[in-house]
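For reference, the structure discussed in these notes is given below.
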Number of protein chains: 2
Amino acid sequence: MAHELLLETSFIYDKSVNERFPTVGVIGAGQLARMMVAPASALGINLLLFAQSADDSAAQINSHVIGDYTDLEALKSFAARCDVITFEHELVPLPVIKGLEAAGVRVYPASSAFVYSQDKAEMRKKLANYQAPAWKVITATSEVDQYPLIAKAISGGYDGRGVWKVNSQDELAEVLKHTPKLLIEELISFDSEIAVMVARSPHGQATSWAPTQTVQEDGICTMTITPAPCISDEIAEQAQKLALDIAAEVGVIGVMAVEMFVKGDQLFINELAMRPHNSGHWTIDGSRTSQFEQHLRAILDLPLGEPAMTHEYAVMGNILGGDKADMYRPYLHLMARNPDLKFHQYKKEVRKGRKIGHVTAIGSDLLQLTTDVQHARDYMSGAIDE
Amino acid sequence: MAHELLLETSFIYDKSVNERFPTVGVIGAGQLARMMVAPASALGINLLLFAQSADDSAAQINSHVIGDYTDLEALKSFAARCDVITFEHELVPLPVIKGLEAAGVRVYPASSAFVYSQDKAEMRKKLANYQAPAWKVITATSEVDQYPLIAKAISGGYDGRGVWKVNSQDELAEVLKHTPKLLIEELISFDSEIAVMVARSPHGQATSWAPTQTVQEDGICTMTITPAPCISDEIAEQAQKLALDIAAEVGVIGVMAVEMFVKGDQLFINELAMRPHNSGHWTIDGSRTSQFEQHLRAILDLPLGEPAMTHEYAVMGNILGGDKADMYRPYLHLMARNPDLKFHQYKKEVRKGRKIGHVTAIGSDLLQLTTDVQHARDYMSGAIDE
């Protein structure tokens, strides 16, 4: 007798055991949403995703609807099933977020805060009292008389996309051809780059994790080290205070990354990202409360969790797509080599240079941790084969 | 225009990005399966559950089929979608597991090992060389001449069910009425109860976590403390060796709990459980590798992870169902009171005395951790209200 076993995936969120637990709706179903699944499951919070495709990293493992995140009506229908809406990427148009708010939907971060994450010129204006690279918005090369400089798309850039180092007027003209309005910034010859992750709740409770040093290659973060070994305790404290001040000033609800340049004992605000961020992936394995759990707590206005580190250091390495398509077989070698490594697979189609996973090591021997993470990351990517 | 958003929950496990990652099929969808979701998601392992109902703890959040775990044909169809089959409860009939094996399905633990977990008399016979309470199998009161004793159902007991303390011939006669075949055991006046969690892979690699003291009330585990503070380092080492020896002797693949009585410097084997176990829930927050990750690694024959503790102590308290039905609102009080507590909700219908969640605290001040866990556990259950 043939057995027809249907995959059952229907929700029971309307059943009594679940009705007291809120449902968080996440716009986006990439790796950030994927990493929310674990804390949501532990806390008992219902998670529902608004995905672009069933192939999306988080859509593979979590209930979702598929839709277009620029379609306000579709998002309103989605929001009707949720107690609070958040997003895991910065592409949702501001008018759409405002449209949800106008319809009475609770959206965190709110449009009034999110604008400073999405619009880099608005952010620079809002944070005029904080030290930052000199900047202006331009539409023509005639507005510039000093090179080199950094040019940025005002919205939508990430992982080095939408950011250009410009050495001459000719180069600027090239950039303006495809991006007619640019935020240009003074090129800071910084010593290092750090990021501070903060979380803030509607109550105004706020926490921050230890500052993280971010190591960038070709504009893409390849490794983070926490706490940032490149700065003194005083600078670290100052960076955390800065991030908490900015969180209050922009009124963010949820988790935010404040990226900074360090030059001597000075800190320059670089970027804001109002969502769980690559700089905070180490918190899953290295902190009492991960950024993903904290984000859920914050947007639900639950008391925030303890952000203390569980070990002296946490080193995280991004696995970038290379020539290797098989991300499973390397486990045999890497897990045998180091039983301590924590792997995080995003299950995204392998494409050259794409972030497809990360690996974290925690402990007290920074050199060893860094070596282990670099090896694992490069082995997964296919850059080395032993 | 009305928008019809359908919940999309179709699998993409057949897509190229997933085809290199194995699919683990879990028979059962209770809290143990629920707690496998987080490590499976991080490791990228596809998880498919064979649930009894869509209400099951893990079925609420993970793709599943619904079926009868005593139906071999249904399980064969299920297994055809999976690379390896495991189970999270001990109720799957041995002939069914053997039937799967006969059909070429890889099942871990195998029937040859699992029999010692499911049949307490077989376990006692197999482990005759290990110290244990004196025992025999009886069907009549005439076979017994000494009281009190412990009587156990040979299969199927858990959480105090299927275990009776028997003080007299009359009481034994009562038990025999509903359970005509019993394993009776000498009543050991032990000092404490401990459990050692071990993991073993097909390769024969094995690891164990630090021994855990289990605190029982009315036959139900209410709290665990790791490492067991009631025993010396020597006894702890001996207990771990014992558990590893037994794992090899019975040939278990996956995670196993070895429950023991401690009396002076002697250890008596009490029970085996061949699955992630309540005694190991602390490992999620207190160990480099949780029992749930280790179980997945073991049954997939991946190298095992580091079982070292992340902190000096880990204390876990079971949340038992009480009069309170709302398990979410207590978060406001408990999270504010202690930002360090880690909550794990099973999302099971609240029933008196039923395990519906657990809470873990990690750190170095054992008295504080124990106090915090007891408070949180009792507050969640409704036994106290402040």
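Quick note on labels: first sequence line is chain A, next is B, and so on, each numbered from 1. Computed from a predicted model, the values in this text were never measured in an experiment.
- Contacts between B/I362 and chain A at a heavy-atom distance below 4.5 Å involve backbone atoms as well as side-chain atoms.
- If you check the side chains of A/S287 and A/W209, you find a donor sitting under 3.5 Å from an acceptor.
- Taking the six-membered ring where the residue is Trp, the centroids of A/Y379 and A/H333 are separated by under 6.0 Å.
- When heavy atoms are compared at a cutoff of 4.5 Å, A/M35 does not approach chain B at all.
- For the residue pair B/D372 / B/Q368, a side-chain donor-acceptor distance below 3.5 Å is found, with atom types taken as modelled.
- Of the atoms belonging to B/L43, heavy atoms from both backbone and side chain fall under 4.5 Å from chain A.
- With a threshold of 4.5 angstrom between heavy atoms, A/L332 approaches chain B through its backbone and through its side chain.
- The shortest side-chain heavy-atom distance between A/F50 and A/V26 does not fall under the 4.5 Å cut-off.
- Comparing B/A38, B/A40, B/A42 by heavy-atom pairs within less than 4.5 Å of chain A, the highest count is held by B/A42.
- Looking at B/A325, the atoms closer than 4.5 Å to chain A (heavy atoms on both sides) sit in the backbone and in the side chain alike.
- Per-residue counts of heavy-atom pairs under 4.5 Å with chain B were compared for A/R329, A/E293, A/K76; the largest is that of A/E293.
- Heavy atoms of B/D301 lying under 4.5 Å from chain A belong exclusively to its backbone.
- With a 4.5 Å cut-off on non-hydrogen atoms, B/Q31 does not touch chain A at all.
- Minimum heavy-atom separation, B/A29 to B/E88: N-OE2, 3.4 Å.
- Between A/K352 and A/D323, at least one side-chain N (NZ, or NE/NH1/NH2) sits under 4.0 Å from a carboxylate O, which counts as a salt bridge.
- The aromatic rings of A/H281 and A/Y346 lie perpendicular to each other, with more than 60° between the two planes, well past the 30° mark.
- Aromatic ring centres of B/Y331 and B/F343: separated by under 6.0 Å.
- With chain A as the partner, the residue from B/H344, B/H311, B/Q205 showing the most heavy-atom pairs under 4.5 Å is B/H311.
- Interface residue B/L341: only backbone heavy atoms are found under 4.5 Å from chain A.
- Contacts with chain A were tallied for B/T289, B/L304, B/L302; B/L302 has the most, counting heavy-atom pairs under 4.5 Å.
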